[in-house]
Number of protein chains: 2
Amino acid sequence: MQKEIELFKAQLRKYNLKVTQQRLKILEAFLKAERHLSCDDLYRMIRRHNSEIGYATVYRTLKIIQKTGLAREVDFGDKISRLEHEYGHKHHDHLICLKCGRFFEVFDPDIELLQEKLARKHKFNPIRHKMDIFGYCRKCSQSINQTQRM
Amino acid sequence: MQKEIELFKAQLRKYNLKVTQQRLKILEAFLKAERHLSCDDLYRMIRRHNSEIGYATVYRTLKIIQKTGLAREVDFGDKISRLEHEYGHKHHDHLICLKCGRFFEVFDPDIELLQEKLARKHKFNPIRHKMDIFGYCRKCSQSINQTQRM
DNA sequence: CTGAAATTGAAAATCATTTTCAATTATACT
DNA sequence: AGTATAATTGAAAATGATTTTCAATTTCAG
Ligand SMILES: [Mn+2]
Ligand SMILES: [Mn+2]
Ligand SMILES: [Zn+2]
Ligand SMILES: [Zn+2]
């Protein structure tokens with residue numbers, strides 16, 4: 001985590017942004033937290049321990065965190081912007097449960113390769129991609145079957 | 001298109017919804033239009049020829065069109081809900097140009113197969129998925145290279 | 001220290017989406 | 001056709017996440 005903090009400070013200086021207590025608190029809260037949180041999630045978390053930080057500051061700091069490559073936006077189709085840790089994390093895709101909302105991070109090198117090929121076939125220069133599979137997780141699949149039986 | 005209209009009417013009756021001129025006008029505009037339009041897009045299009053239809057009606061009718069299986073929502077990551085024709089259209093994924101905003105519909109059966117396998121490997125029951133590859137289309141790739149040369 | 005420039009937080013603005021409600025319309029039934 | 005009733009309509013307001021404004025405060029280079 002120290003590495004991320006130093007990287008963040010370096011990036012701030014690089015862009016003539018100031019290293020403030022608020023920004024550091026917000027970054028630390030983000031790094032410590034479970035992943036995939038919205039601005040509002042993080043704001044509430046911080047509020048519990050420190051009510052001195054405003055929503056706008058959390059919002060703005062999250063934008064900086066994204067720009068510095070420490071976070072990336074994930075989109076679960078509910079129109080809410082959520083962030084996950086990016087630094088030191090490899091690319092992955094998601095399995096998202098339609099019932100309980102839990103998600104699983106997955107990676108398949110064969111799919112990744114075919115995605116590259118597919119793009120090239122269309123003379124398209126791929127930069128990034130997003131693959132989300134929606135369905136029912138093991139637990140929810142079971143409970144759905146049980147419901148149907150009743 | 002007549003087939004879609006009949007299907008729509010049948011669905012309306014099935015759900016005790018009324019067949020109104022507004023609903024039919026909106027459906028026709030949707031079916032005739034280029035794909036991937038937002039509620040606002042469609043509202044503006046309709047307004048050009050018929051200023052008697054309110055935004056709320058377009059909005060509500062689009063919801064019905066989705067429910068009847070004539071449209072599906074596509075998500076290009078800009079938080080705007082857009083619809084594309086669904087009836088008689090096969091599943092496909094998208095290549096989306098980061099520069100000009102154009103998109104290309106693609107389908108790769110090998111990827112689809114691997115997606116199924118990946119889900120199963122995680123005991124996950126897949127229902128639908130979304131795969132979007134963002135990058136630069138052929139034209140934009142060229143113009144970017146030219147810019148860099150200058 | 002000091003001053004210029006950046007930051008902060010409360011509040012307001014924005015913007016797509018969704019709901020409300022009184023007036024209007026579609027439809028089933030005389 | 002006329003009537004009852006239940007659904008629909010459109011303007012306007014509400015919503016909710018996101019983004020901006022601005023006066024007061026803080027950072028930090030010199
Ligand atoms: Mn991937
Ligand atoms: Mn696919
Ligand atoms: Zn589940
Ligand atoms: Zn392009």
Side-chain angles (χ1 to χ4, degrees), chain A residues 5 8-30 36-68 71-83, chain B residues 5 8-30 36-68 71-83:
Chain A
I5 294 173
F8 184 63
K9 286 186 185 171
Q11 291 277 6
L12 288 178
R13 294 197 191 97
K14 181 177 163 191
Y15 291 111
N16 267 328
L17 302 176
K18 289 174 177 168
V19 177
T20 66
Q21 286 311 304
Q22 288 97 326
R23 282 174 178 167
L24 290 176
K25 283 256 174 61
I26 293 164
L27 176 66
E28 283 178 39
F30 172 71
H36 300 114
L37 23 74
S38 65
C39 181
D40 192 61
D41 291 339
L42 193 58
Y43 172 67
R44 286 164 189 276
M45 284 183 49
I46 289 169
R47 266 223 144 202
R48 280 190 219 132
H49 305 292
N50 183 339
S51 56
E52 308 298 301
I53 295 181
Y55 187 97
T57 304
V58 176
Y59 168 78
R60 287 182 288 227
T61 303
L62 283 178
K63 290 284 177 198
I64 298 172
I65 291 173
Q66 281 182 73
K67 273 192 197 148
T68 59
R72 74 161 180 161
E73 199 172 351
V74 291
D75 175 10
F76 287 176
D78 61 359
K79 303 266 159 61
I80 292 176
S81 182
R82 293 169 208 283
L83 297 185
Chain B
I5 294 174
F8 184 64
K9 287 185 184 171
Q11 292 277 5
L12 289 178
R13 295 197 190 94
K14 181 177 164 191
Y15 291 111
N16 267 328
L17 302 175
K18 289 174 177 170
V19 177
T20 66
Q21 285 312 303
Q22 288 96 327
R23 283 175 177 166
L24 291 176
K25 283 258 174 61
I26 293 164
L27 176 67
E28 282 178 39
F30 172 71
H36 301 114
L37 24 75
S38 65
C39 181
D40 191 62
D41 292 339
L42 192 58
Y43 172 66
R44 286 163 189 275
M45 284 184 50
I46 289 169
R47 266 224 143 199
R48 279 189 220 133
H49 305 291
N50 182 339
S51 56
E52 307 298 300
I53 295 181
Y55 187 96
T57 304
V58 175
Y59 167 78
R60 288 182 288 228
T61 303
L62 282 178
K63 290 283 179 201
I64 298 171
I65 290 173
Q66 281 183 73
K67 273 191 195 149
T68 59
R72 74 161 181 160
E73 197 172 351
V74 292
D75 174 11
F76 287 175
D78 61 358
K79 303 268 159 57
I80 293 175
S81 181
R82 293 169 208 283
L83 298 185

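Taking the ring-ring contact (aromatic ring centres under 6.0 Å, His included) definition, one finds that A/Y55 meets it with A/Y43, sequence neighbours left out. The side-chain hydrogen bond (donor to acceptor under 3.5 Å, both in side chains) test applied to A/N50 returns no partner, not counting sequence neighbours.
Side chains of A/T61 and A/L27 form no contact here, defined as non-hydrogen atoms less than 4.5 Å apart. Between B/K9 and B/L24, the closest side-chain pair of non-hydrogen atoms falls below 4.5 Å. In this structure, the side chains of B/L83 and B/E73 come closer than 4.5 Å at one or more pairs of heavy atoms.
The listed nucleotides are D/dT9, C/dT17, D/dT19; the one nearest the side chain of A/Y55 is D/dT19.
Residue contacts for B/S38: at a heavy-atom cut-off of 4.0 Å it reaches no nucleic acid atom on any strand shown.
Here D/dG10 presents its C1' atom at 11 Å from CD1 of B/I26, a figure rounded to the nearest Å.
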**Request:** Summarise protein proximity over nucleotides 19-30 of chain C in one line of letters, 5' to 3': B for base, S for sugar-phosphate only, - for none, counting protein heavy atoms closer than 4.0 Å.
**Result:** BB-----BS---
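Within the structure, a side-chain polar atom (N or O) of A/R23 is placed less than 4.0 Å from OP1 or OP2 of C/dT8. Dashed line: the shortest gap from a side-chain N or O of A/K63 to OP1 or OP2 of D/dT19 is under 4.0 Å.
Applying the 6.0 Å contact sphere to NZ of B/K67 captures no more than 12 heavy atoms from other residues, nucleotides or ligands.
Of the two residues contacting DNA chain D, namely B/K79 and B/L12, the nearest-nucleotide position lying further toward the 5' end is that of B/L12.
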